[in-house]
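Shown next, in C-alpha cells, is the structure this report addresses.
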Amino acid sequence: MDRFSFLNAAHTAFFADLYDQYLQYPDSVEPSWRSFFQGFDFANEYNGSPVEQLSTAYANVPEASSQVSSQALEGVQKEFSVLRLIDAYRTHGHLLTKTNPLRDRQVEQPDLSIEKFGLTQADLTVRFEAAKQIFLPAATLQEILNKLQDVYCNHTGVEYKHIPNDTKVNWIANYFENNSNNFSADKKINILEKLIQASAFENFFHTKYVGQKRFSLEGLEATIPALDALIEAAAGRGVQEFVMGMAHRGRLNVLANIFDKPAKNIFTEFDGKDYFDVEESFDGDVKYHLGYTTVKETKNGKININLAPNPSHLETVGAVIEGVARAKQDKYFEDDFSKVLPIALHGDAAVAGQGIVYEIVQMSKLRAYQTGGTIHLVLNNQVGFTTNYKDARSGIYSTDVAKVVSAPIIHVNADDTEAAVKALIFALDYRMEFKEDVFVDFVGYRKYGHNEGDEPRFTQPILYKLISKHKNARNIYSGRLLEDQVINDDQITALEDKYKALLEENLSVAKSTEKATVIPFMQSEWQGYNIADRARMLQTFDTKVSKEDLVKVAEVITKLPEGKNYISKITKLIGDRYRMFNETDKLDWAMGELLAYGTLMLDGFDVRFTGQDVQRGTFSHRHAVVKTEDTEEEVTMLNELKDRKGQMRIYNSLLSEYAVLGYENGYAMTNPKALTIWEAQFGDFSNGCQIMIDQYITAGEDKWNTQNGIVMLLPHGYEHQGAEHSSARLERYLQMCANHNMYVANCTTPANHFHMMRRQMVTDFRKPLIVFSPKSLLRSPLAVSSISEFTDGAFQPVINDPIVTDKAAVKTLVFVTGKFYYELQTEKEKQGRTDIAFVRIEQLFPLPVEQLQAIIAEYPNVDDYVWAQEEPRNMGAYGYMLMNFDLVKFRLASPADASAPAAGSSVRSKARFAHAIAKVFDKNLK
C-alpha cells in the first residue's frame with residue numbers, strides 16, 4: 001500500500017489553506033503537517049525534482065502509509081508552487097513595476113518566471129485552487145499571473161513583506177488583491193478638474209511671471225487631485241484637523257488648489273509688494289515659505305487644514321508638523337489622536353539625504369511623540385537640484401528609511417493619476433486602521449530646472465530630452481477619459497476656461513492692490529494674544545502666588561504616594577524637600593522649578609517638558625517623575641495635585657536634539673496655553689539643532705508673524721569639565737537677538753527662575769525664552785530662596801548687590817551674569833573687600849537699560865566699571881555688551897580668547913578661571 005494515499009481524501013484547496021497557515025503561524029499547524037511542510041520547504045530550497053521534494057516531505061509524516069497516484073502528488077506539489085509564486089510577487093513584485101514615467105527602471109530585477117517555481121508553460125491552462133489566496137475562484141495559472149502582475153507589477157508597487165506583523169501584512173494583501181477601487185464617472189471628472197487646475201495654475205504663472213521662481217509642480221501634477229481626494233476621504237473618516245508640512249516644490253499650487261488661498265494674494269506676493277498693516281519690524285518671507293490655515297468645505301463636512309510655514313532647510317518642517325499635530329491632539333482629542341492627520345511632503349533627494357527624517361520616523365511610535373500615524377508623500381522628481389539619484393542614495397528607493405519602523409511603502413507612476421489617488425486613499429485607510437506611519441512615493445519628474453530660471457541640461461541632458469517630449473499627466477488622463485467616453489472635449493474646455501477666468505480675475509484685483517496681506521498661521525489658536533514690542537517685554541508682570549497655592553503644590557512634591565516602595569535615595573531626597581519647605585525655608589533650584597510648574601497647573605496651564613533625561617534631570621535634581629522600586633511604576637508627582645486645571649506631560653526624549661526641538665517648536669507654536677520646555681542634556685548639545693534655532697525659534701516671528709512661547713533650558717557654567725560640558729554658547733543666542741524676538745536669561749536664584757517661568761504664561765503674548773540654566777547652583781547652599789520670595793516677589797531682570805551697605809564706598813562696580821556671581825562674591829568675602837559691588841544681569845535680552853541706569857546712579861564714587869564673565873573673551877556676553885551697553889565705559893575680566901570654550905585639563909581650567917577672578921579685583925592685571 002502506498003504511504004501517500006491519505007492525500008486522496010483531501011481537496012487541494014485544503015493543502016493550499018493549510019500551507020498558507022503554516023507560512024504565517026508555523027506553530028498553529030498540527031505537528032505531522034508541520035513536519036511535512038518543513039520537508040517540502042527544505043526540498044525546494046535544494047531544488048529537488050517535484051517527486052523528490054514530496055518524497056522528502058512525506059518522509060517526515062509517519063501517518064502517511066497508503067497509495068496515491070503520481071498525478072495527485074504532482075497536483076498537490078504544484079498547488080504549493082503556485083502559493084510560493086504568489087508570495088514571491090507579494091514580496092518582489094514592486095521591483096518589476098512600471099512606476100517610472102520616463103524610462104525603464106534601472107534596478108536588478110528578481111526572477112519571477114514560473115519555471116523557477118517548478119511550473120511549466122503547460123501549467124498556464126491548468127486551474128489551481130491556490131487562486132483563492134488572491135480572491136479569485138479556482139483559476140488557470142495564466143489568470144493568476146495576470147492578476148498578480150496587475151496588482152503588483154503595474155503602475156503601483158507595494159513594499160510590505162518587511163513588516164513583522166501578520167495582521168498588517170494580510171490586511172495590505174487583502175486590500176490590494178480584493179479591492180478594485182473603480183471610480184465613478186463623476187469622481188473621474190472631479191479628478192480631471194483638479195488635474196486641470198494644477199496644470200493651468202503652472203501655465204498661467206509661466207506666462208504672466210516669466211522667469212520668476214515658483215518651483216513648479218509640473219511633472220507631479222497628480223499630487224493635487226490626490227491630496228484633494230485624501231482630504232475628502234479623511235473628512236468622511238472623522239478627521240477634523242489636517243496638518244501639512246512641505247518644501248517649496250509645488251507649494252504655491254498646493255496653497256491655491258488645496259488650501260484655497262486666494263490667487264490674488266499669491267499674485268501680490270509675486271509682485272513683491274510690501275505688507276499691509278504690519279509693523280516695521282516684520283520682514284516677511286518668500287512666497288513659497290509662507291504658512292496658511294483655513295476651513296475647507298468637503299462633501300463630508302468641514303475640516304480645518306493647516307500648512308506650516310517653513311524655511312529652505314529641507315525636512316525641518318517634518319518635525320514641526322508632528323509637534324503641531326500632537327498639540328492639537330493633546331488639547332482637543334486626547335482620547336482619539338486619529339482626528340488630527342499629519343501629512344509630510346518630501347522630495348526624493350531630501351527624504352533620503354537629510355538625517356532628521358530618520359529621527360522623525362524613529363519618534364513615530366514613542367509615547368512622547370506619537371501622533372497616531374503620519375502620511376509621508378514623496379514628490380519624486382528623480383533629481384536633487386543637479387544631483388542624479390545614483391549619487392543621492394545607496395538604496396534602491398529614496399523611501400527606505402520607512403523600514404526603520406516597518407511602515408508600508410507604495411510607489412506610484414505619477415502619470416497615472418487614478419493610481420496616485422488610490423495610493424493616498426490606501427495610506428489614509430492604513431493609518432486609520434493601525435495608527436501608524438505609511439509612505440507613498442509619487443515617481444514623476446521636474447519639468448524645468450531646480451527653479452524656472454535654471455538650465456537642467458547642463459547636468460541631465462538625456463533626462464531632459466525625454467522630459468521635453470513627454471506628454472503631461474493632464475493630457476494623458478483627459479485622453480483616457482475621452483477614449484472611455486466619460487467626458488467630451490467641450491466639457492474639458494469649459495473646465496479649463498472657468499479656472500483660467502478665475503485666475504485672470506484674481507490677477508486683475510492683485511494689480512490694483514497696493515500691499516500684500518499677511519494671513520496669520522493658525523490664527524484661531526492665538527485669539528487674545530498679540531505680538532509684543534520690546535517695551536512691553538520689559539514690563540513687570542504679576543507672577544506671585546498665594547501661600548495657599550504654594551502649599552498645595554509643596555504637599556505633592558514633598559511627600560511620596562503611600563503604599564508604594566521607593567529606593568532609599570529618592571525617599572531621602574523627597575524628605576529633604578519637605579524639610580526645606582516646612583522647616584528651613586531655604587528652597588533649592590528643583591523646588592523653585594517644580595513650584596513654578598505646579599502653580600501654573602493650578603492656574604489652568606498645561607506643562608509639556610521633553611529632553612534627554614528630563615524626568616530625573618541630567619544632574620539628578622528634578623525628579624519630576626519617580627519610580628517604584630519593585631515595579632518601576634511611574635508617578636508624575638505634580639499630576640497628583642487635586643485642584644489642578646492643567647496637566648504635566650514630561651517625557652524623556654530619544655537621543656536627538658534636532659527633531660525633538662523642532663517638534664517642541666511646533667507644539668509651542670500651536671498651544672499658547674501650554675508651557676512647552678525643551679532641555680538640553682548639556683547646553684552645548686543644542687548646537688545639534690542649530691537649524692531649528694536659526695530658522696524657527698529666533699526668526700519665526702519676524703518671517704511669518706507667528707508667536708511661540710517655547711522655553712529652552714541650556715545647562716551652562718564652567719565647572720572644569722572640559723570643552724563640551726561648559727558653555728551653552730551664550731554668544732550665539734545674543735548675536736541673534738534683535739527688536740523683540742525673544743528673551744535670554746541667566747538667573748541666579750530659584751525664586752527668580754520661578755517668576756521667569758510663570759511670566760512666560762501669564763502675559764498676553766508669547767516669546768521664545770532661552771535660559772542658561774545652572775549646574776553647580778542646583779545644590780549650592782548659596783542659591784536658595786525663601787517662601788516669601790515666591791509669594792511676594794516678581795521677576796527681577798537685574799539684581800543689585802544685596803550685601804553692600806555703604807554704596808558711597810564702592811569704587812568698582814562689576815556687572816556679571818549667572819553663577820559666576822557666587823564665585824566673585826566668595827572671593828570678595830575672602831579678601832574682605834568693601835569697595836566692590838556686584839550687579840547681576842539676570843535678563844540679557846531685552847537688556848533692562850533703565851534699571852541698570854538707575855542702579856549705576858546709586859554708586860556715586862565708582863571709577864572702575866567691569867564686565868566679568870567666566871567664558872573666554874571672544875565668547876560669552878562680552879561682544880553683546882559692547883554693542884548694547886553704553887551707559888558706562890567698562891573693562892573686561894575674563895579668560896583670554898580661545899578656540900574651544902574650555903580646557904580639557906582641570907588644572908589648566910582652574911588656573912584660567914582663577915586668573916579671570918583675579919582680574920576683577922585688580923584692574924592692573926592683564
Side-chain angles (χ1 to χ4, degrees), residues 281 532-541 730-749 752 756 759 767 770 772 794-822 824-825 828 833-894 916-917 919-925:
S281 62
D533 60 16
R534 190 181 299 198
R536 177 77 171 137
M537 292 173 69
L538 285 166
Q539 290 179 8
T540 299
F541 298 91
L730 176 60
E731 63 279 0
R732 292 181 179 173
Y733 294 89
L734 292 174
Q735 184 187 43
M736 291 184 281
C737 290
N739 300 319
H740 45 76
N741 63 333
M742 58 182 173
Y743 285 112
V744 176
N746 191 0
C747 296
T748 57
T749 72
N752 220 26
M756 176 183 65
R759 180 184 67 175
K767 302 286 183 181
I770 315 300
F772 292 84
F795 177 69
Q796 301 178 73
V798 182
I799 300 178
N800 200 353
D801 197 318
I803 297 175
V804 170
T805 55
D806 184 4
K807 294 179 180 177
V810 172
K811 300 295 184 181
T812 299
L813 190 60
V814 181
F815 301 95
V816 64
T817 186
K819 69 97 178 171
F820 197 38
Y821 159 75
Y822 290 103
L824 296 178
Q825 186 64 47
K828 174 186 172 182
R833 297 279 291 270
T834 58
D835 62 339
I836 189 167
F838 302 110
V839 177
R840 284 172 274 174
I841 300 180
E842 304 276 288
Q843 178 176 291
L844 287 154
F845 188 84
L847 195 65
V849 175
E850 291 184 5
Q851 292 181 50
L852 285 167
Q853 195 168 23
I855 289 172
I856 290 169
E858 294 179 20
Y859 298 91
N861 298 317
V862 172
D863 60 10
D864 179 27
Y865 295 97
V866 183
W867 172 255
Q869 65 179 42
E870 56 187 345
E871 303 88 357
R873 176 179 178 275
N874 57 320
M875 300 178 192
Y878 176 54
Y880 167 80
M881 293 299 288
L882 283 175
M883 291 175 60
N884 296 279
F885 184 56
D886 57 1
L887 300 176
V888 295
K889 187 175 181 179
F890 56 87
R891 62 182 176 86
L892 172 67
S894 79
I917 292 175
K919 287 182 183 179
V920 173
F921 296 91
D922 184 353
K923 61 183 176 182
N924 296 315
L925 192 62

Look up atom CG in Leu847 and atom CZ in Phe885, then write down how far apart they are to the nearest 0.5 Å.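 Interatomic distance, Leu847 CG to Phe885 CZ, rounded to 0.5 Å: 7.0 Å.
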If you compare all heavy atoms of [X] against all heavy atoms of [Y], which two are closest, and at what distance to 0.1 Å?
X	Y	value
Gln825	Asp801	OE1-OD2, 4.2 Å
Thr749	Asn752	OG1-N, 3.0 Å
Ala794	Thr540	CB-CG2, 4.1 Å
Ala893	Val866	CB-CG1, 3.9 Å
Gln869	Ala877	OE1-N, 3.3 Å
Arg534	Ala738	NH2-C, 4.3 Å

Table please: side-chain donor-acceptor pairs of residues 852-863 below 3.5 Å, with sequence neighbours left out.
{"unit_1": "Glu858", "atom_1": "OE1", "unit_2": "Asn800", "atom_2": "ND2", "d": "3.0"}
{"unit_1": "Glu858", "atom_1": "OE1", "unit_2": "Lys807", "atom_2": "NZ", "d": "2.3"}
{"unit_1": "Tyr859", "atom_1": "OH", "unit_2": "Asn800", "atom_2": "OD1", "d": "2.7"}
{"unit_1": "Asn861", "atom_1": "ND2", "unit_2": "Ala808", "atom_2": "O", "d": "2.7"}

Which residues share a salt bridge (Lys or Arg N to Asp or Glu O under 4.0 Å) with [X], sequence neighbours left out:
X	result
Lys767	Glu701
Glu871	none
Arg833	Asp835
Glu731	Arg729

Side-chain heavy-atom pair [X], [Y] within 4.5 angstrom cut-off:
X	Y	value
Met742	Met736	yes
Glu870	Lys819	yes
Arg732	Ile770	no
Phe838	Ile799	no

Atom CZ of Arg873 with >12 non-hydrogen neighbours under 6.0 angstrom: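 Count not over threshold, so no.
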Could you go through the side chain to side chain contact (heavy atoms under 4.5 Å, CB included) check for Met881 and Leu734 one step at a time? CA-CA 9 Å; Met881 293 299 288; Leu734 292 174; over 6 Å; no
Does Leu730 offer a backbone N or O that forms a donor-acceptor pair with the side chain of Tyr880 under 3.5 Å? no
Given side chain to side chain contact (heavy atoms under 4.5 Å, CB included), test Leu887 with Tyr865 step by step and report yes or no. CA-CA 10 Å; Leu887 300 176; Tyr865 295 97; over 6 Å; no
In a table with atom names and distances, give each donor-acceptor pair under 3.5 Å that connects a side chain of residues 810-818 to protein atoms at least two apart or in another chain.
{"unit_1": "Thr812", "atom_1": "OG1", "unit_2": "Asp864", "atom_2": "OD2", "d": "3.1"}
{"unit_1": "Thr817", "atom_1": "OG1", "unit_2": "Ile841", "atom_2": "O", "d": "2.8"}

Apply side chain to side chain contact (heavy atoms under 4.5 Å, CB included) to the pair Phe890 and Leu882, showing each step before the final yes or no. CA-CA 9 Å; Phe890 56 87; Leu882 283 175; 4.0 Å; yes
Name the one of Tyr733, Tyr743, Phe845 that satisfies ring pair (Phe, Tyr, Trp, His ring centres under 6.0 Å) with Phe772?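 Answer to the ring pair (Phe, Tyr, Trp, His ring centres under 6.0 Å) test with Phe772 among Tyr733, Tyr743, Phe845: Tyr733.
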